[in-house]
Amino acid sequence: MSLTIPADGAAPQKNWLEKLGSGHIILAVVLVLYPLVASDFFLTQIGGYSLIFGMLGLSLMMLAGYGGMVSLAQITVGGIAAYAIAILGNNNSNILGFGWPWWLAVPFAVLAAALASTLIGWISVRTEGIYTIMITLAIATATYYFAQQNYAIFNGHSGYAGIRAPAFWGVNWRDPRPFYYLCLGLAVLSYAAVLYGSRSTFGMTLQAIRDNPRRMRALGYHVTAHKVFAWLLAGVIAGFAGVLLVWFNGRVSPGTIGVDAAIDVLIIAVIGGLRHPIGPFLGAVVVVLMQTFAIDIVGAERFNTLIGMVFLVIVFVSPDGILGLWGRIKPQFAQESLRSGP
Amino acid sequence: MRMHRRTLLALAVFTGLTAPSMALAADDTIKIGLLATFEGPFTVLGEDGERGAMTAVAEMNGTVAGKKVEIVKGSSDASPDSAVRAARKLVEQDGVKVLVGPLSGDEGIAVKDYAKTQPNVTFINGTSAAQDTTLRDPADNFFRFSTDGAQWMAGLGTYAFKDKGYKKVATVAEDYSFPYTQVFGFMAEFCKAGGHVPSKSWVPIGNKDFSSVIAAIPEGVDAIYVALGGADAVNFLTQYQQSGGTAPLIGGSITVDQTVLTSKGKLRDVLKGTPSAGPTADTNDSPAWKTFVEAYKKQPGAFPSPSLFAHGYYVDMKATLLGLDKVGGDVSDGGVKLRDALSKLSFDTPTGKVSLDKNRNAIADIFLTEVTEGADGNLMNKLVKVVPQVNQTLGIPEDEFMKLGAVNRDNPSCP
């Protein structure tokens, strides 16, 4: 897997605008102006939901794309943050609910998610490839059944309901537009952090470990420590996504963190593309749109088949997902522009 | 340039997203949302619910008050999250002002909570039968013309104790709000009659291996009360029979439903003679029921006899259409007139008269049944007795009933 950023170290000093890249600027403008044209449903159910699942996909992309560790437990990590918000904050299920204010509950929830992610990483870093997938799947399934059957902490099958996004700074964050911007803000932060991290010393080391762990070990790097630290960082992103998810749904139950949802996150990352942090967000938009509207296209009996077919076609045409698809189309555009030149 | 091109793709994706939604229906059609489980372990149940709802629509020739009825479907997988997500899509994107659904217990409670945030939309239950959907903290715009799971048990506890002579009964039920409600309904009568329930087993939905559950059933119980649905019921009954269990069974409403009775295998012998109670009885020979069965059988893929899901969705959809008919299909006032008409609505269903109480929960006839083999070899529920006009508090005065407490795993108890 190659780096997406051209390694032109000798390039002249760029100003910050050039560093940011025209693509990012246009994308940012579009996303910021999106609420002007979108209905409330498209703001939250499509926009917000895609950004949240994009963040979960991003945490997987970071582990898989830069670290070579494919995890199926990202929704579990997000779910731990979601349950933490339900337990530490307010809910109307008459169980636990310590009533902490959001500014105390959120850091604790994200911390809990990050710690859980570190633990999962610690358990699974000794394995590679398919075995990592198996171990993380086992952890995700075990957590799902634990939540489903534990009544004292997780309230069983019903889970927690009546959780609301907070209102602060004079803004009611559960309204569609503020909630969209909240999701967008956190998604952009995570995206920028991953992009920055991938070019940092740590990111470079991680990618080198992915490509040749034995050589890195021989060079004196602590391979396990680097990998576990990557899990910690991925856990922070998934934790924030989990907090947004519980505010978005207003509830959390074992269904939120089931195996279906875990596989959804993997599908999102794979069909979006694992080569660049923007991939999971593209994948999330496609998956959320498909899951929402497929039933309108082919009716209630066959819509899951259609969803499966679309994913199959994307992965068949381009193993690198939607990003790879673009990589294939682009040269043809370039040829076209040469032909139509003066 | 690389970034720029990639951005164009993103741009294209997002402009596609912003296409304005065509939320408003044309004047001559009425949009009704239909929310059922078309995915997950309860798919078969959801599909039969849809058949029931479509029977009601077909009965009115697809029109109400001179306007065409348009059904917009939403699917959940029986988890509360997915039910709320599907309801949101129907309400906020498709713009339905009337929504019929959902199917299962916890879904109903979740959709009721959602209903509170959409005061201009009218929600009519599907077959969701948890007690607390309407009994505690109800939503003003949520109606249930199908009865709840405790009502469905009316008459069964007394019948098991007095007529069958069972004194000690163990229960095995799924672990969520609807089976809690069923066990509550059964025990309310059974314990009052003098019976004892020494053990209650709660199993997760989708459980495959029941050996530990079977081993935990105490020696010397007179019968086992089973409230499991779909594949879970089939798995439990098969394994219980294979392990040499001989105690007779008492069935929860969905355990001896057509969704289970139509399964093949030795299970059939175990099920024969099982007493149960529910909103329907297959051998009901009232003309209204027979007409309904014939109409139902015209739906594609129908069972030999409609399941209680087909019946529940039928009753709720029928009530919806009758209510809409009363207000001339006019919901432009945010459904105020419609909700007023619905709360006063009383009509004859294939299973007798239905009316609503002050919590907008149905009062209806309940049927005590026993599983028998029909002339054509299909298993069916033989009608034993009709318990007329059961209300949500099972005939107990309301303040006394509320003192029994909310249904859960431990309440009620009579070891």
Measure the [atom1]-[atom2] distance between [X] and [Y] for me, rounded to the nearest 0.5 Å.
X	Y	atom1	atom2	value
A:I295	B:E39	CD1	CD	7.5 Å
B:D94	A:F41	CG	CZ	7.5 Å
B:N207	A:Q149	CG	CD	7.5 Å
A:R174	B:T117	CZ	OG1	11.5 Å

Which atom names give the shortest non-hydrogen contact between A:H157 and B:D175, and what distance separates them?
CB-O, 3.5 Å
Using a 6.0 Å cut-off, check whether atom OH of A:Y145 has over 12 heavy atoms from anything other than its own residue.
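For A:Y145, atom OH is not crowded (no more than 12 foreign heavy atoms under 6.0 Å).
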Would you say A:S39 and B:Q93 make side-chain contact, with heavy atoms under 4.5 Å?
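Touching, per the 4.5 Å side-chain cut-off.
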If you define the side chain from C-beta out and look only at heavy atoms, does anything of A:N249 sit under 4.5 Å from B:R85?
yes
Could you tell me which of A:G258, A:S253, A:G162 has the largest number of non-hydrogen atom pairs under 4.5 Å with chain B?
A:S253
B:K89/A:D296 ion pair, N-O < 4.0 Å:
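The answer is yes: the pair qualifies as a salt bridge.
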Among the listed options B:E50, B:E47, B:K73, B:R88, the residue most often paired with chain A at heavy-atom distances under 4.5 Å
B:R88
With a 4.5 angstrom heavy-atom cut-off, could you sort out which part of A:Y49 is near chain B: side chain, backbone, both or neither?
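Just its side chain gets close to chain B.
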Quick check on A:Y151 against chain B: is it the side chain, the backbone, both or neither that has a heavy atom closer than 4.5 Å?
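Only the side chain of A:Y151 comes within 4.5 Å of chain B.
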Given a strict heavy-atom distance threshold of 4.5 Å, which part of [X] is in contact with chain A: side chain, backbone, both, or neither?
X	value
B:A110	both
B:I205	both
B:E174	neither

